[in-house]
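Okay, structure first, notes after.
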Amino acid sequence: KKDFSDDYRGLRSIYCIRNIKKIIEMGNLKKRNIRILDFGCGDGKLKQMLGNKVTNYDIRDNVSEIQDWKEAKFDTIVIHQVFYLFEEKQLRVFLEELYKINPNVEVIVGISRQSFLNKILNIINFVWDAYVDGKLKPKEELSILKERLTIIKKTSNLCFNDIYLMKFRKDINQRKNSLGFSILKH
């Protein structure tokens, strides 16, 4: 369980706060009356900015408000720079579970580019182990997400990461069996 609380200190805090503001803007989260699950909430900055419409979930119990994300009620899920820690199969299983819970959920995903400039920013901030635990590269993350989700909007935070608003693809997630019943396609 890596601690990301240092993300909101020093120069890196400018980048991180800007990401949160872009996420809020992309989903129009401030103005809408919706329930939001912040999956991989870190220090809970999204909730600090939006209040009780946000439920924090993290693998670190000391920052998570719930034990099991699947029991939360939400219209939008924010997953910012988390999926790189998943293996391919874990991400596919997560998407399957998410679809079963709420096939109409809005998914806001942040994906670091993990580029040379990201590495420079990390060195400037004395962060030596960024992405060392990563299992998926940015292109792999996006490719797996696009198997099940459609990109509605995309924005970037400078040249460091991309933020996507996505919805489940109805054409891929459901198909009719020979009797005319809808079934999930795996």
Side-chain angles (χ1 to χ4, degrees), residues 1-5 7-8 13 15-86 89-112 136 141-142 144-157 161-174 182-186:
K1 293 183 181 179
K2 190 171 180 179
D3 184 358
F4 294 95
S5 58
D7 286 355
Y8 299 99
S13 70
Y15 162 75
C16 292
I17 296 299
R18 185 177 162 102
N19 275 329
I20 293 170
K21 288 180 179 178
K22 289 227 173 235
I23 287 167
I24 291 169
E25 179 184 317
M26 169 161 293
N28 196 21
L29 302 180
K30 192 173 256 182
K31 295 179 182 174
R32 294 169 56 210
N33 185 22
I34 56 173
R35 298 166 298 180
I36 303 162
L37 177 63
D38 189 359
F39 185 96
C41 66
D43 279 355
K45 295 293 183 208
L46 187 63
K47 183 167 188 141
Q48 289 173 21
M49 295 174 94
L50 295 176
N52 287 331
K53 65 169 70 179
V54 177
T55 301
N56 287 335
Y57 173 76
D58 201 282
I59 58 171
R60 295 178 299 138
D61 292 335
N62 63 321
V63 294
S64 190
E65 296 176 303
I66 54 176
Q67 292 293 316
D68 185 354
W69 70 270
K70 295 176 223 156
E71 295 174 8
K73 302 285 185 225
F74 52 93
D75 308 296
T76 299
I77 186 168
V78 174
I79 311 159
H80 185 62
Q81 295 192 28
V82 172
F83 287 147
Y84 76 95
L85 297 167
F86 284 41
K89 184 176 180 181
Q90 288 175 303
L91 181 49
R92 286 189 171 93
V93 168
F94 175 85
L95 293 173
E96 184 82 18
E97 290 171 341
L98 181 59
Y99 180 80
K100 287 177 185 174
I101 290 167
N102 185 349
N104 298 311
V105 68
E106 288 183 341
V107 181
I108 300 176
V109 179
I111 300 177
S112 172
L136 291 174
E141 283 181 64
L142 186 57
I144 294 168
L145 292 170
K146 286 169 61 177
E147 290 172 5
R148 300 292 305 266
L149 299 157
T150 298
I151 298 171
I152 308 299
K153 288 191 222 175
K154 175 187 174 191
T155 190
S156 299
N157 184 5
N161 68 296
D162 297 310
I163 301 168
Y164 299 89
L165 173 63
M166 306 176 102
K167 297 274 287 180
F168 278 103
R169 294 176 54 181
K170 302 300 180 197
D171 62 321
I172 295 218
N173 292 312
Q174 289 192 5
S182 290
I183 58 172
L184 287 179
K185 182 177 179 183
H186 298 281

Exercise for the section: Check whether any side-chain heavy atom of Q81 lies under 4.5 Å from a side-chain heavy atom of I111, and answer yes or no. Expected result: no

Practice task
Looking only at non-hydrogen atoms, find the nearest pair between R60 and D43 and report the distance.
Solution key: NH2-OD1, 4.1 Å

Handout entry: Which residues share a side-chain hydrogen bond (donor to acceptor under 3.5 Å, both in side chains) with D162, sequence neighbours left out
Key = R113, S156

Problem - Qualifying residues under side-chain contact (heavy atoms from CB on, under 4.5 Å), relative to V105, sequence neighbours excluded - result: F74, I77, L98, N102, V107, F168

Practice task
For residues D61 and Q67, determine if any side-chain heavy atom of one lies less than 4.5 Å from a side-chain heavy atom of the other.
Solution key: yes

Exercise for the section: Compare all side-chain heavy atoms of F39 with those of V78 and state whether any distance is below 4.5 angstrom. Expected result: no

Practice task
Can you establish whether the number of heavy atoms outside D68 located under 6.0 Å from its atom CG is more than 12?
Solution key: yes

Problem - From CA spacing to verdict: salt bridge (charged side-chain N to carboxylate O under 4.0 Å, His left out), E147, R169 - result: CA-CA 8 Å; E147 290 172 5; R169 294 176 54 181; over 6 Å; no

Fill in the blank from the handout: Sorted by chain and number, sequence neighbours left out, salt bridge (charged side-chain N to carboxylate O under 4.0 Å, His left out) with R35 holds for D75

Exercise for the section: Side-chain contact test, heavy atoms from C-beta onward, threshold under 4.5 Å: evaluate it for W69 versus F94 and give yes or no. Expected result: yes

Handout entry: Between CZ on residue F86 and CG on residue L95, distance to nearest 0.5 Å
Key = 9.0 Å

Practice task
Go through the steps for Y164 and I108 under the test side chain to side chain contact (heavy atoms under 4.5 Å, CB included), then give the verdict.
Solution key: CA-CA 6 Å; Y164 299 89; I108 300 176; over 6 Å; no

Problem - Lys/Arg N to Asp/Glu carboxylate O, E25 vs K30, below 4.0 Å - result: no

Practice task
Please step through side chain to side chain contact (heavy atoms under 4.5 Å, CB included) for the pair V63 and C41, ending with a clear verdict.
Solution key: CA-CA 8 Å; V63 294; C41 66; 4.1 Å; yes

Exercise for the section: State the CD-CD1 distance between Q48 and I20, to the nearest 0.5 angstrom. Expected result: 8.0 Å

Handout entry: Heavy-atom side-chain contact between L165 and I151 under 4.5 Å
Key = no

Completion exercise
Scanning both residues in full, the closest heavy-atom pair of M26 with I163 reads CE-O, 3.3 Å

Problem - Working for side chain to side chain contact (heavy atoms under 4.5 Å, CB included), residues L145 and M166 - result: CA-CA 9 Å; L145 292 170; M166 306 176 102; 4.0 Å; yes

Completion exercise
The side-chain hydrogen bond (donor to acceptor under 3.5 Å, both in side chains) partners of N19 (sequence neighbours excluded) come to H80, N157, N161

Problem - Side chain to side chain, I144 and R92, heavy atoms closer than 4.5 Å - result: yes

Problem - I66: which of N56, L37, D58 passes side chain to side chain contact (heavy atoms under 4.5 Å, CB included) - result: L37

Practice task
Output yes when E106 and R32 qualify as a salt bridge under the 4.0 Å nitrogen-oxygen rule, no when they do not.
Solution key: yes

Handout entry: Value rounded to 0.5 Å, distance of NZ in K31 from CD1 in I24
Key = 12.0 Å

Handout entry: Which residues share a side-chain hydrogen bond (donor to acceptor under 3.5 Å, both in side chains) with N104, sequence neighbours left out
Key = K170

Exercise for the section: For L50 and I36, run side chain to side chain contact (heavy atoms under 4.5 Å, CB included): C-alpha distance rounded to whole Å, both residues' side-chain angles, the deciding distance at 0.1 Å, then the answer. Expected result: CA-CA 10 Å; L50 295 176; I36 303 162; 3.9 Å; yes

Exercise for the section: Can you sort out the partners of K70 under salt bridge (charged side-chain N to carboxylate O under 4.0 Å, His left out), two or more places apart, ordered by chain and number? Expected result: E97

Fill in the blank from the handout: Sorted by chain and number, sequence neighbours left out, side-chain hydrogen bond (donor to acceptor under 3.5 Å, both in side chains) with K47 holds for E65

Fill in the blank from the handout: d(I23 CD1, M49 CE) to nearest 0.5 Å is 10.0 Å

